[in-house]
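Just below is one structure, and these are the notes that go with it.
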Amino acid sequence: MAITGIKGFNDILPGEVEKWQYIEATARRVFELYGLSEIRIPILEKTELFCRSIGDATDIVEKEMYSFVDKGENKVTMRPEGTASVMRAYVEHKMHAVDPVARLYYMGPMFRYERPQKGRYRQFHQIGAEITGVAAPSVDAQVLTMLTHFFNELGLTEPSLQINSLGCPCCRPLYRDALKKFLLDRIDSLCEDCKRRYESNPLRALDCKSAGCQEATKGAPSMLDYLCGECSAHFDQTRKYLELAGTPYAINKRMVRGLDYYTRTTFEMVTTLLGAQSAVAAGGRYDGLIAEIGGPQIPGIGFAMGVERVALLLAEKEFSRRPDLFIAAMGEDAHAEAFRLMSALQRGGAAVEIDYEGKSLKSQMRRADKFNSRFTLIIGGDELSRGTAPLKDMDGGTQSEVPLDAESIRAGMNGIYSVPSETIIIE
RNA sequence: GUGGAUAUGGUGAAGCGGUUAACACAAACGACUGUGACUCGUUCAUACGUGGGUUCGAUCCCCACUAUCCACCCCA
């Protein structure tokens, strides 16, 4: 039995990987428009970092982390998310001393030990962004606008933006108490999970999928009605700036976040196309996180999106590359000439293919067609002695005679095509 | 961790107790006498997830295991 990969750890093969490259390139391009820089952070961190930031009692920390003890007896964990690491790096390198405002993005694998299903894997990939040092609501709107921009740039209008506010340490406890009081009267109609969570996380009942909980929480008080003056103003201002930016959104009063560090603005990009995994991207403000991991009291806001889920939304689109030229050769001398020309053209920036095994012209033409090559150059004994060869435009079917040197061939191709090589085609 | 479904070639799959394990796509080669896409021909699973069992006989029935998928929990 051949060795197989690990459950929930997937290979991304050619044919699929072009889509990933497209998503990543689009993220880089859009995020950099908004002044962000990439940061690369390690995959392994001290376990304590995630306990402190995400929260000891969350499911991620309680049962989903890939943690182990290394050879130096250190407790380490393969990162389950990116924000904690980015903020650790921010504090560790004292980036706040140079400028408290840091605008960062990252992309890479994350690890959570969960049962795999559609859009959820044990090694999955996130593209995330974080902005520190600005408490103003216009930054919230900016981040949301950038995220929306990104999806629009991919040609996706399906995931829609939902926002909510979770308040701050001064108003959330009041709301929590009010909600508990409300739920107490209907506790019998809640599902078992929500009963169990009644003390630890009563807010969860709000977005529970069970019919009983949906019904029981119908007239429940809303966090938005309990926001303190500052949080309420922050939320209103965020909405105002979203409108100024022309960014569409909906308020979802029942949206709850799973990580402990969120405050005030929280949001999700949701879709109905991915089964149970409705959140394609999610994030929020985390004004207490940097202090929590030992840094100064500096606010932050950010999000992460699941690349697998974005790729699933792009499932209909075909991504492929096509070579500029295929050189078909007959006979050993012609093959040598084809090889020489290929090398010269590749050095000049063209994507070129040849046949390596001396197959028939028919076979080589089929291969050129299979590769979807733009042009095919056909070289045989006659061409070698003549010094020119037919260059066929594979799309139009027309042929022209070009001298056998890299410059002339390039000129022959550029005469018809001006598209740069190595472009990714989206159909 | 829990529940359900499914496991036949590179892919999509038919077959449901005895068959040369269909068909299609992909792939390779060839024909149309140095030029692809159309057409045609040839080749392509001692093999039906793994291990047991029932049977004269099992891809088809039973059991176990494993894997995958989907859902729950939770989350990107």
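Reminder, nothing fancy here: chain letters follow the sequence lines and each chain counts from 1.
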(message) Regarding A:Thr26 and A:Glu153, do their side chains bring together a donor and an acceptor under 3.5 Å, going by distance alone?
(response) no

(request) Look at the side-chain N and O atoms of A:Thr376 and state whether any lies under 4.0 Å from the OP1 or OP2 oxygen of B:U35. (result) no

(message) Does B:G1 have its OP1 or OP2 closer than 4.0 Å to a side-chain nitrogen or oxygen of A:Lys63?
(response) no

(request) Find which nucleotide of RNA chain B each of A:Gly8 and A:Arg309 is nearest to by heavy atoms, and output the residue with the more 5' nucleotide. (result) A:Gly8

(message) Taking any heavy-atom pair under 4.0 Å as a contact, classify A:Gly128: base, sugar-phosphate, or nothing.
(response) nothing

(request) Using the P atom on both, measure B:A58 against B:G12 and round to a whole Å. (result) 28 Å

(request) Decide yes or no, distance alone: a donor-acceptor N/O pair under 3.5 angstrom between the base of B:C70 and the side-chain of A:Arg120. (result) no

(message) Does the structure place the NZ or CZ of A:Arg122 under 6.0 Å from the centre of the six-membered ring of A:Tyr113, at an angle of no more than 45° from the ring's axis?
(response) yes

(request) Measure from the side-chain heavy atoms of A:Lys370 and tell me the nearest of B:A28, B:C72, B:G36. (result) B:A28

(message) For A:Arg321 and A:Gln21, which I'm curious about, is there any donor-acceptor pair between the side chains at under 3.5 Å?
(response) yes

(request) Can you tell me the distance, in whole Å, between the CE atom of A:Met110 and the P atom of B:C75? (result) 17 Å

(request) If B:G17 has a Watson-Crick or G-U wobble mate with both distances under 3.5 Å, name it; if not, just say none. (result) none

(message) Looking at A:Arg28 and A:Glu32, is there a salt bridge between them, counting it only when a charged N and a carboxylate O are closer than 4.0 Å?
(response) no

(message) Rounding to an integer number of angstrom, what distance separates B:G30 and B:A37 when you compare their P atoms?
(response) 13 Å

(request) Taking only the side-chain nitrogens and oxygens of A:Arg366, find out if one of them lies under 4.0 Å from OP1 or OP2 of B:C29. (result) no

(request) To the nearest Å, give me how far apart CZ (A:Phe111) and C1' (B:C75) are. (result) 16 Å

(message) Please report the distance separating the P of B:A14 from the corresponding atom of B:G57, rounded so that it comes out in whole Å.
(response) 29 Å

(message) Using whole Å, what does the distance between atom C1' of nucleotide B:G36 and atom CZ of A:Arg374 come to?
(response) 17 Å

(request) Sort out the partner of B:C29 for me: Watson-Crick or G-U wobble, both distances under 3.5 Å, none otherwise. (result) B:G41

(message) For a quick test of reading the model: is some side-chain N or O of A:Thr4 closer than 4.0 Å to OP1 or OP2 of B:A67?
(response) no

(message) Taking B:G4 as the reference, what is the distance to B:C38 when you measure between their P atoms (whole Å, please)?
(response) 47 Å

(message) From the set B:A37, B:G34, B:G30, return the single nucleotide nearest to any side-chain atom of A:Ser363.
(response) B:G30

(message) Looking at B:A67, which nucleotide sits across from it as a Watson-Crick or G-U wobble partner, both distances under 3.5 angstrom, or is there none?
(response) B:U6

(message) I'd like to know if A:Gln399 reaches the base of B:U35 with its side chain such that a donor and an acceptor end up less than 3.5 angstrom apart.
(response) yes

(message) Within the 4.0 Å heavy-atom criterion, would you say A:Gly283 contacts the bases, only the backbone, or no part of the nucleic acid?
(response) nothing

(message) Under the criterion side chain to side chain contact (heavy atoms under 4.5 Å, CB included), I'd like the reasoning laid out for A:Tyr90 against A:Glu130: C-alpha separation, chi angles, the key distance, then a yes or no.
(response) CA-CA 11 Å; A:Tyr90 175 78; A:Glu130 317 287 350; over 6 Å; no

(request) Using atom CG of A:Leu361 as one end and atom C1' of B:G36 as the other, report the distance to the nearest whole Å. (result) 9 Å

(request) Name the closest nucleotide to the A:Arg367 side chain, picking from B:G34, B:A28, B:C69. (result) B:A28

(message) Whole angstroms only, please: what is the CD-P distance between A:Gln123 and B:C75?
(response) 21 Å

(request) Could you let me know what B:U55 is paired to, Watson-Crick or G-U wobble, both distances under 3.5 Å, or none if it's on its own? (result) none

(message) Measuring only the C1' atom in each nucleotide, how far is B:G9 from B:C61? A whole number of Å is fine.
(response) 25 Å

(message) Applying ring pair (Phe, Tyr, Trp, His ring centres under 6.0 Å), can you list everything that pairs with A:Phe9, at least two apart in sequence or on another chain?
(response) A:Tyr66

(request) Take A:Thr217 and A:Arg254 through the side chain to side chain contact (heavy atoms under 4.5 Å, CB included) test and state the conclusion after the steps. (result) CA-CA 10 Å; A:Thr217 56; A:Arg254 305 170 90 89; 2.3 Å; yes

(message) Say we look at B:A5 and B:G41: how far apart would their P atoms be, to the nearest angstrom?
(response) 44 Å

(message) Using heavy-atom distances to pick each residue's nearest nucleotide on RNA chain B, tell me which of A:Glu383 and A:Arg115 is more 5'.
(response) A:Arg115

(message) Regarding A:Tyr113, tell me which of base, sugar-phosphate or nothing describes its non-hydrogen contacts under 4.0 Å with the strands shown.
(response) nothing

(request) Choose from B:U35, B:C73, B:A28 the nucleotide whose nearest atom is closest to any side-chain atom of A:Pro390. (result) B:U35

(request) Return the nearest nucleotide to the side chain of A:Asp59; candidates are B:A28, B:C73, B:U35. (result) B:C73

(request) Take the protein atom CD of A:Gln364 and the nucleotide atom P of B:C29, then report the distance between them rounded to whole Å. (result) 10 Å

(request) Round to the nearest Å and state the distance from A:Lys359 atom NZ to B:G30 atom P. (result) 9 Å

(request) Starting from C1' on B:G1, measure out to CD on A:Glu64 and report it in whole angstrom. (result) 11 Å

(message) Say we look at B:A22 and B:C16: how far apart would their P atoms be, to the nearest angstrom?
(response) 14 Å

(message) So, does A:Gln126 get its side chain near the phosphate of B:A76, meaning an N or O under 4.0 Å from OP1 or OP2?
(response) no

(message) Categorize A:Ala368 for me: base, sugar-phosphate, or nothing, with a 4.0 angstrom heavy-atom threshold over every strand shown.
(response) nothing

(message) Could you check whether A:Glu292 and A:Tyr286, counting side-chain N and O atoms only, form a donor-acceptor pair closer than 3.5 Å?
(response) no

(message) Walk me through whether A:Leu44 and A:Met78 qualify under side chain to side chain contact (heavy atoms under 4.5 Å, CB included).
(response) CA-CA 5 Å; A:Leu44 220 52; A:Met78 291 165 75; 3.6 Å; yes

(request) Counting Watson-Crick and G-U wobble pairs only, both distances under 3.5 Å, name the nucleotide matched with B:G34, or none. (result) none

(message) Both distances below 3.5 Å, Watson-Crick or wobble geometry, any strand: find the nucleotide opposite B:C72.
(response) B:G1

(request) Check every strand shown and say whether A:Arg112 touches a base, only sugar-phosphate, or nothing at a heavy-atom separation below 4.0 Å. (result) base

(request) Sticking with atom P, work out how far B:A26 lies from B:C65, rounded to a whole angstrom. (result) 41 Å

(message) Is there, by distance only and without an angle test, a donor paired with an acceptor across the side chain of A:Lys392 and the base of B:G36 below 3.5 Å?
(response) yes

